[in-house]
> 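Next up is a structure, given as structure tokens.
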Amino acid sequence: MFVRLGNLSEAWYVFGKMQERDVFSWNVLIGGYAKKGFFDEAIELYGRMLWLGGAGVRPDVYTFPCVLRACGGLSHWDRGKEIHAHVLRYGFESDIDVLNSLITMYVKCGDVENGRVVFDGMCKRDRISWNAIISGYFENGECLEGLRLFFLMRECCFHPDLRTMTSVISACEVVGEESLGRAVHGYVAKMEYGADESVHNSLIQMYSSFGKWEDAEKVFDRIECKDVVSWTSMISGYNNNGLAEKAIETYKMMELEGVVPDEITIASVLSACASLGFLDIGVKLHELAEKTGLVRYLMVANALIDFYSKCMSIDKALEVFHQIPDKNVISWTSIILGLRINNRSFEALIYFRKMKISLNPNDVTLISVLSACARIGALMCGKEIHAHVLRSGLGLNGFLPNALLDMYVRCGRMVPAMNQFKTRKHDVAAWNILLTGHAQRGQGELAIELFDKMMGSKVNPDEITFIALLCSCSRSGMVTEGLQYFKSMKTEYSITPNLKHYACVVDLLGRAGKLDDAYEVIEKMPMKPDPPIWGALLNACRIHRRVDLGELAARQIFGMDNMSVGYYVLLCNLYSDSGKWDEVARLRKTMREMGLAIDPGCSWVEIKGTVHAFLSGDTFHPQIQEITAVLRGFYEKMKAAGYSDPEKSSIDEIEESKSEVFCGHSERLAVGFALINTAPGMPIWVTKNLYMCESCHDMIKFVSKVVRREISVRDTEHFHHFKEGICSCGDEGYGEYLENEIT
DNA sequence: AAGGGTGCCG
């Protein structure tokens, strides 16, 4: 009685008082513990029964299933094997229930082979035997063998039940058997009792994973009593098919229906908010999770980190991260990636070091860290990860090889990049990474050569391929070629140009001085131009000092309620380059009133494997006195050689520019620091988060000549390679980059 | 028995 009431301690007490304990009383107790999930206790009791039970007490057809279930639940293979021996010793080798539970035990311990041996040895089998072995194969990843047995089951005239069908449906999903999945769906629809929620839920999941979200929707709509799993399956189905808006709509409907979300629902909806940048809805979900206590689930906290990061609220993400008591790999990976996305790659590397103390990074972690290394030119750190990848064998598939390739390309190391490229089969992304590398160096000819090679290798170009290609043409002034490729996108490769391609074309024409043509492209394009398109025009107007058209572009951008500082800076530079100082002052005032802060310039330089970061106007660096002295020395020499400062006042980095002597720009500081801390003659590699200014460009050119060192500065757009007083960009921001490999 | 959080190249 007490067992049935769930009061096990009371039952144990009564059991202890009993004078005579027969098999039945042992069974009741063992079964009670096993059913409640107290598997250790159940196994312990079974042991006592054998030792203390006395001559008359032997395990029977009821005892074995209970204790085997406990072994399966704990994945105690050794114990299970021992009990298998007991089954044979006590003569139950032909009892169907006992053998069925043996199959289940082996399967749960991950040993489907021994389960199969038991199954094959049975002289009679029932539906449960078939279910046990079939779902065993599915659970252990051998879906094909499971499906084979499923067909065999029907040949043997056993009718599968709903449980069988649920596993079969998820097996179809795993092996990607869409037509079989559809057939199973048809079969289920004709089943005697009709399908239940779990069958429908797995159908939703299966169709979603095939990208057939409309079919998933049909199944979902037909479910009469949708439970939390049905709703969540549909939400994540939309999510995985890139329909985050629909995912959020579905969640709202679920709320209206009064279904209570659980931790998985919250995580899925947060993921939808993250991809859409819906800060307010996500914040509400956060509040809900706090109120209901669901934040305690690691999955929810991790989803929150990702959500805040992608909504550019990295400080909130950090707050959530630091509140997690036991962070797992995903928590760390999410915060590292979040810092990377929010332009805080330097800190991302610091978090990676901290993480490694207690946890082993996985492939996704390494991809995120490599991406951070690529942003700040942390070559040594990237190489360290490369070594780790080779040691761990993680790098053979997935995104890791391309992440390594990207890291080498962005760090300017083309030789290891090409080695990385050559060692493996390349997909579109790999080609795109190399193309992007050429675009950054303004190597239009090389980009076209590479594109031809790519076409020769039967890899289909995608939309990103054309962005890289158009970019390369634009930076090299190859207008005709660029326009030709733009046209061929649709005609030859059936890729419809998107907003980004149009932005490239506007840039292509604009940079070449064909400003009116660029404007015409914008006017005639089939979709509504977005801020980056007008931004490309504005930038072209800045280069060619066309105030009227630039103002028109700026009005369009500001009319779209855009809060990005970059466009204000561009307009400001257009005014200052054109000598319109009143307008500059007016615009700066507006910016101050709007509370728009200009991103601080930041440069990084890696010395002996350590990345050093410099902010513009940095005065706190321990070696700042020395750095300033060195730079001042060069400045004096330059002036003596007849150099005069450029007239314009750039507000790219700091408002009160100290341009007369020493502008304090971060790339200068980084170069100065590297000069002091590396051996003479050694090359210097600097990475910067904004564009280089003209005065720094002049100065570094001069420095490269005086100290006879090669200096590379990679800014957001180009690689500048300074050697003997000449820059690879040809002082135009574009030009030939001389490949010069130093590792 | 069914649903889940992190990912390269504009």
Side-chain angles (χ1 to χ4, degrees), chain A residues 131 134-135 138-139 161-170 173 195-206 208 223 226-237 239-240 261-271 274 297-307 309-310 328-338 340-341 361-371 374 398-407 409-410 426-437 439-440 461-472 498-501 503-504 507 532:
Chain A
N131 275 350
I134 291 173
S135 62
F138 293 155
E139 276 163 33
D161 58 9
L162 292 178
R163 221 178 120 153
T164 326
M165 297 322 285
T166 313
S167 349
V168 171
I169 293 164
S170 19
E173 181 195 326
D196 65 349
E197 282 80 50
S198 52
V199 169
H200 284 131
N201 294 346
S202 34
L203 280 170
I204 296 174
Q205 165 70 8
M206 179 193 77
S208 305
I223 304 177
K226 302 176 178 72
D227 61 9
V228 63
V229 181
S230 320
W231 287 98
T232 311
S233 304
M234 198 61 237
I235 290 171
S236 56
N239 244 356
N240 299 334
D262 65 6
E263 75 278 11
I264 302 179
T265 321
I266 299 284
S268 310
V269 185
L270 276 171
S271 155
Y297 287 92
L298 201 48
M299 195 199 301
V300 172
N302 291 347
L304 279 168
I305 296 173
D306 184 55
F307 156 73
S309 302
K310 289 192 177 143
N328 68 0
V329 188
I330 299 180
S331 324
W332 283 95
T333 305
S334 302
I335 200 67
I336 289 170
L337 186 77
R340 211 304 268 134
I341 298 171
N362 67 16
D363 52 341
V364 185
T365 321
L366 297 180
I367 288 165
S368 310
V369 179
L370 282 170
S371 166
F399 290 131
L400 254 174
N402 283 345
L404 281 165
L405 180 63
D406 183 54
M407 185 274 295
V409 168
R410 281 178 186 263
H426 359 277
D427 52 11
V428 212
W431 288 100
N432 289 348
I433 291 164
L434 286 187
L435 275 173
T436 309
Q440 279 188 330
D462 63 5
E463 37 200 31
I464 294 164
T465 314
F466 282 98
I467 292 170
L469 194 58
L470 291 172
C471 245
S472 310
N498 62 28
L499 281 165
K500 277 156 187 162
H501 298 109
C504 287
D507 187 68

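Proteins come first, then strands; the chains are lettered A, B, ... in the order of their sequence lines, and each starts at number 1.
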> Reckon A/N328 touches a base, only the sugar-phosphate, or nothing at all at heavy-atom distances under 4.0 Å?
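Base contact.
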
> Counting the atoms with a prime plus P, OP1 and OP2 as sugar-phosphate, which does A/S334 contact under 4.0 Å by heavy atoms, base, sugar-phosphate, or nothing?
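Sugar-phosphate contact only.
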
> Which is true for A/A429 with a 4.0 Å heavy-atom rule: it touches a base, it touches only sugar-phosphate, or it touches nothing?
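The residue A/A429 makes base contact.
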
> Contact class for A/D262 vs. all strands (heavy atom < 4.0 Å): base, sugar-phosphate, or nothing?
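Base contact.
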
> Quick one: label A/N498 by what it contacts on the DNA or RNA (base, sugar-phosphate, nothing), any heavy atom closer than 4.0 Å.
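If one applies the 4.0 Å heavy-atom cut-off, A/N498 turns out to touch nothing in the nucleic acid.
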
> Check whether any side-chain heavy atom of A/Q440 sits under 4.5 Å from a side-chain heavy atom of A/R410, and report yes or no.
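The answer is yes; the side chains approach within 4.5 Å.
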
> Answer yes or no: is there a side-chain heavy-atom contact under 4.5 Å between A/F138 and A/V168?
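A side-chain contact exists here, since the closest heavy-atom pair is under 4.5 Å.
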
> Remember a base hit wins even if backbone is also touched, and classify A/I464 as base, sugar-phosphate or nothing at under 4.0 Å, heavy atoms.
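The residue A/I464 makes base contact.
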
> Would you find a donor on one side and an acceptor on the other, under 3.5 Å apart, between the side chain of A/N402 and the backbone of A/L405?
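No, because the side chain of A/N402 does not come within donor-acceptor range (under 3.5 Å) of the backbone of A/L405.
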
> For DNA chain B, note the earliest and the latest nucleotide, 5' to 3', having some atom under 4.0 Å of a heavy atom belonging to chain A.
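The protein-touched segment is B/dA1 to B/dG10.
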
> Remember a base hit wins even if backbone is also touched, and classify A/R410 as base, sugar-phosphate or nothing at under 4.0 Å, heavy atoms.
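The residue A/R410 makes sugar-phosphate contact but no base contact.
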
> Just wondering, do A/D406 and A/L370 contact through their side chains at under 4.5 Å, heavy atoms?
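When only atoms from C-beta onward are counted, A/D406 and A/L370 do not touch, as no gap falls below 4.5 Å.
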
> Can you find a pair of side-chain heavy atoms, one from A/S371 and one from A/I367, that are under 4.5 Å apart?
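In short, these two side chains do not touch, never coming nearer than 4.5 Å.
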
> If you look at every strand shown and take non-hydrogen atoms under 4.0 Å, does A/K310 touch a base, only sugar-phosphate, or nothing?
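Sugar-phosphate only.
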
> Counting the atoms with a prime plus P, OP1 and OP2 as sugar-phosphate, which does A/V409 contact under 4.0 Å by heavy atoms, base, sugar-phosphate, or nothing?
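A/V409: no heavy atom of the nucleic acid under 4.0 Å.
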
> So, taking the atom named OG1 in A/T265 and the one named CD in A/E263, what distance separates them when rounded to the nearest 0.5 Å?
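With rounding to 0.5 Å, OG1 (A/T265) is 7.5 Å from CD (A/E263).
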
> Does A/T333 reach a base, just sugar-phosphate, or nothing at all? Heavy atoms under 4.0 Å.
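Answer is base: heavy atoms of A/T333 come under 4.0 Å of a base.
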
> Under a 3.5 Å distance rule, please check whether A/N131 uses its side chain to pair with a backbone N or O of A/R163 as donor and acceptor.
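Pair absent, no side-chain N/O of A/N131 close to backbone of A/R163.
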
> Check every strand shown and say whether A/I433 touches a base, only sugar-phosphate, or nothing at a heavy-atom separation below 4.0 Å.
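A/I433: backbone/sugar contact only, no base atoms under 4.0 Å.
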
> How is A/L405 classified with respect to the nucleic acid when contacts are heavy atoms under 4.0 Å: base, sugar-phosphate, or nothing?
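Contact class for A/L405: none.
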
